[in-house]
S.K.: 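Here it is: the structure, laid out below.
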Amino acid sequence: EVGEEYDGEVVAIKDFGAFVRLTPGKDGLLHISRMANGRVNKVEDVLNIGDIVRVKVIEVGDHDKISLDRVNKPDVKNNHGDNHNHNHED
């Protein structure tokens, strides 16, 4: 199953990532570090419950614990006001 791709639905969100429904009864974890290119502060900045996301199985561990990577990761827009491009004054 490693290497398989799915269009999965986000079914749960935790601090550390999102659980994605691959097939009925089978969910995988998309870790927060694999959701986007760049640093994701909060999962909800990138994904919400009900979103459909393209994922690839990268590991199947004990108890069928499935680890996922996101295909075609978006770039994170760090628009939280803490970046130093405030020099738009003319």
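Numbers for residues simply follow the sequence, beginning at 1.
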S.K.: Kindly give the heavy-atom pair with the smallest separation between R70 and V46, and that separation in Å.
M.R.: NH1-CG1, 3.4 Å
S.K.: As an exercise, state the distance from CD of E59 to CD1 of I66, rounded to the nearest 0.5 Å.
M.R.: 11.0 Å
S.K.: What are the two closest non-hydrogen atoms of V43 and M35, and how far apart are they?
M.R.: CG1-CE, 3.7 Å
S.K.: Taking only residues two or more places apart in sequence, or in another chain, which ones meet D51 in a side chain to side chain donor-acceptor pair (under 3.5 Å)?
M.R.: none
S.K.: Which heavy atom of R39 sits nearest to which heavy atom of N41, and what is that distance?
M.R.: NE-OD1, 3.6 Å
S.K.: Can you tell me how far CD of E5 sits from CG of D69, rounded to the nearest 0.5 angstrom?
M.R.: 10.0 Å
S.K.: If hydrophobic clusters are built from ILVMFWY residues whose side chains come within less than 4.5 Å, do V71 and L22 share one?
M.R.: no
S.K.: For D7, what residues pass the side chain to side chain donor-acceptor pair (under 3.5 Å) criterion, not counting sequence neighbours?
M.R.: R54
S.K.: Please find the pair of heavy atoms, one from A36 and one from V76, that lie closest to each other, and give the distance.
M.R.: CB-CG2, 3.3 Å
S.K.: With sequence neighbours excluded, what pairs up with K42 under the side chain to side chain contact (heavy atoms under 4.5 Å, CB included) test?
M.R.: E44, D45
S.K.: Would you compute the distance between atom CG of N48 and atom CD1 of I13 and round it to the nearest 0.5 angstrom?
M.R.: 5.5 Å
S.K.: side-chain hydrogen bond (donor to acceptor under 3.5 Å, both in side chains): which pairs involve residues 11-31, sequence neighbours left out?
M.R.: E1-K26, R21-D27, H31-S33
S.K.: Minimum heavy-atom separation for N37 and K73, please, with both atom names.
M.R.: ND2-O, 3.3 Å
S.K.: Spell out, yes or no, whether I52 and V55 are grouped together once hydrophobic residues are joined by side-chain heavy atoms under 4.5 Å, including indirect joins.
M.R.: no
S.K.: With sequence neighbours excluded, tell me which residues meet side chain to side chain donor-acceptor pair (under 3.5 Å) with K65.
M.R.: none
S.K.: Linking Ile, Leu, Val, Met, Phe, Trp and Tyr by side-chain heavy atoms under 4.5 Å, what else ends up with L29?
M.R.: V11, F16, F19
S.K.: If you group Ile, Leu, Val, Met, Phe, Trp and Tyr whenever their side-chain heavy atoms sit less than 4.5 Å apart, what else falls in with I58?
M.R.: none
S.K.: After noting the C-alpha distance and the side-chain angles of L47 and L30, does the key distance pass the side chain to side chain contact (heavy atoms under 4.5 Å, CB included) rule?
M.R.: CA-CA 10 Å; L47 290 174; L30 178 61; 3.9 Å; yes
